[in-house]
2 protein chains.
Amino acid sequence: MQARPKNRKQQIVDLALELLQTHGFENFSYRDLAGQLGITKASIHHHFPKKADLGVALCQAIQEWHEREFARTRSFSGSAQEKLDLYVRGTLKFACGDTKICPLSSLQADIASLPEAMRPALKRLDDHELDFIAELLDAGRESGEFKFSGSARDQAILFVLTCKGALQYSRVHGSEVFDAAMAQMKAQLLGQ
Amino acid sequence: MQARPKNRKQQIVDLALELLQTHGFENFSYRDLAGQLGITKASIHHHFPKKADLGVALCQAIQEWHEREFARTRSFSGSAQEKLDLYVRGTLKFACGDTKICPLSSLQADIASLPEAMRPALKRLDDHELDFIAELLDAGRESGEFKFSGSARDQAILFVLTCKGALQYSRVHGSEVFDAAMAQMKAQLLGQ
DNA sequence: GTCTATACAGCGATAGAC
DNA sequence: GTCTATCGCTGTATAGAC
């Protein structure tokens with residue numbers, strides 16, 4: 001209900017991101033966006049001529065979100081375990097609540113129906129996140145906080161896909177599932 | 001290219017299941033099914049008047065698949081670890097290959113857009129699978145093969161969502177990801 | 001930057017002939 | 001059980017006025 005929205009383009013991306021996390025990229029339309037923003041479909045097309053353009057903008061928004069959160073987590077002064085917790089609860093769980101899934105999980109699930117231009121972007125986003133988590137896990141093992149075998153990269157894959165899977169499961173089965181899975185994984189990471 | 005297909009209905013369900021695993025329930029159409037089966041849309045509607053009917057049939061097909069595979073795994077004479085391996089590789093990975101995801105993961109991702117009638121069915125399917133895995137894990141802990149803390153149910157949640165997440169990740173990033181994640185999880189389950 | 005108007009393909013769905 | 005034909009709606013997309 002703003003008379004003059006500061007940045008319509010950003011507003012559209014924000015709403016599209018939410019619909020991506022709840023319904024998936026192919027399951028929301030320009031009509032949905034227009035309706036909820038109180039403008040017409042043609043206005044959305046003015047900002048993003050093709051839906052693939054909006055899709056690329058979504059990937060960029062996710063990357064900026066990553067960079068913000070990675071920087072915040074890195075600069076947080078605490079143990080490796082606390083940093084990992086900050087990312088899981090303060091970033092992933094915070095961005096999803098009880099009704100949304102991780103935007104990257106949503107894109108992965110629909111990969112075969114996605115516009116061509118979005119696929120390499122998705123792969124880069126996943127890799128970027130894995131690098132970051134591997135860095136945290138490696139530091140935690142160096143400091144003796146974490147116990148795991150194999151490479152930090154492999155453990156990061158396991159860690160990240162478990163978090164994402166837990167978010168997806170908990171949307172259907174209740175958020176206790178998320179807490180249970182995270183507690184279970186944490187215990188193993190700490191060697192208990 | 002069969003002149004007189006024995007069971008068209010089954011044929012439709014089989015193809016729909018494959019499209020569910022690759023594109024998602026809302027991302028395949030009666031047109032896709034008709035085209036690939038060499039008949040018309042109207043013929044599909046004869047077997048499944050509404051798409052929700054097809055959705056319910058898909059859930060039933062998944063349940064029958066579960067019951068078959070659970071029985072096969074239970075009757076397999078081997079250690080708990082070998083049974084778990086049989087389910088992961090002989091059932092889940094076998095049914096998905098390198099290009100498909102678990103049908104239940106697909107339905108979970110699109111839960112918000114799904115026909116009403118499919119949601120309770122999905123929850124039951126997930127629970128059924130968790131019961132089965134919890135049973136295997138519990139037996140394995142009793143026999144001293146597995147080491148984990150907390151309830152077998154909680155560990156089953158962690159185990160299953162990790163398998164599903166690994167299948168989804170590996171479709172985008174290559175099947176080495178699946179092997180790495182499974183090896184990593186197995187090591188933790190065995191207390192190594 | 002937003003609108004009206006329109007185009008056109010695809011969707012799920014139905015009626016009725018064979 | 002399959003077909004042709006058709007319906008109304010929704011999807012993305014474009015042209016052009018304000």
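Order of the sequence lines fixes the chain letters, A, B, ..., with proteins taken first and strands second; residue numbering starts at 1 for each chain. Being a predicted model, the structure only gives us computed values, none of them experimental.
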**Asked** Below 4.0 angstrom from OP1 or OP2 of C/dT2, is there any side-chain N or O of A/H46?
**Response** no
**Prompt:** What is the distance from CD of A/Q11 to C1' of C/dG1, rounded to the nearest Å?
**Reply:** 13 Å
**Request:** Kindly point out which of C/dG10, C/dT4, D/dG11 is positioned nearest to the side chain of B/R31?
**Result:** C/dG10
**Request:** Provide, to the nearest angstrom, the distance between the CG atom belonging to A/D53 and the C1' atom belonging to D/dT12.
**Result:** 12 Å
**Prompt:** In whole angstrom, what separates A/F48's CZ from D/dT12's C1'?
**Reply:** 16 Å
**Length of the CD1-C1' vector between A/I44 and D/dT14, whole Å** = 16 Å
**Request:** Taking only the side-chain nitrogens and oxygens of A/K50, find out if one of them lies under 4.0 Å from OP1 or OP2 of D/dT14.
**Result:** yes
**Item:** Pair A/K41 + A/D32: basic N to acidic O under 4.0 Å
**Value:** no
**Asked** For the pair made of CZ in A/F28 and C1' in D/dT12, what is the distance, rounded to whole Å?
**Response** 13 Å
**Prompt:** Quick one: is C/dC3 close enough that its OP1 or OP2 comes under 4.0 Å of any side-chain N or O from A/T40?
**Reply:** yes
**Message:** Output the rounded distance in Å from NE2 (B/H45) to P (D/dT4).
**Reply:** 15 Å
**Item:** Nucleotide nearest B/H47 when distance is taken to its side chain, options D/dT2, C/dT2, C/dT14
**Value:** D/dT2
**Complete:** B/K51 has its side chain closest, among C/dT2, D/dT2, C/dG12, to C/dG12
**Message:** Applying side-chain contact (heavy atoms from CB on, under 4.5 Å) to A/Q108 and A/D126, what does each step give before you reach the verdict?
**Reply:** CA-CA 10 Å; A/Q108 282 179 351; A/D126 277 337; 2.8 Å; yes
**Asked** To the nearest Å, how far apart are B/Y30 OH and D/dC9 C1'?
**Response** 17 Å
**Asked** Looking at B/E69, B/R72, B/E129, which hits side chain to side chain donor-acceptor pair (under 3.5 Å) with B/Y87?
**Response** B/E129
**Asked** Ion pair present between B/D85 and B/K93, side-chain N to carboxylate O less than 4.0 angstrom?
**Response** no
**Request:** Give the ring-plane orientation class for A/F25 versus A/F28, where under 30° counts as parallel, over 60° as perpendicular and anything between as tilted.
**Result:** perpendicular
**Message:** Taking 4.0 Å as the cut-off, does a side-chain nitrogen or oxygen of A/S29 come that near to OP1 or OP2 on D/dG11?
**Reply:** yes
**Item:** Candidates C/dC3, D/dC3, D/dT12 - which lies nearest the side chain of B/S43
**Value:** D/dC3
**Asked** Rounded to whole angstrom units, what separation is found between the CZ atom of B/R8 and the P atom of D/dT2?
**Response** 5 Å
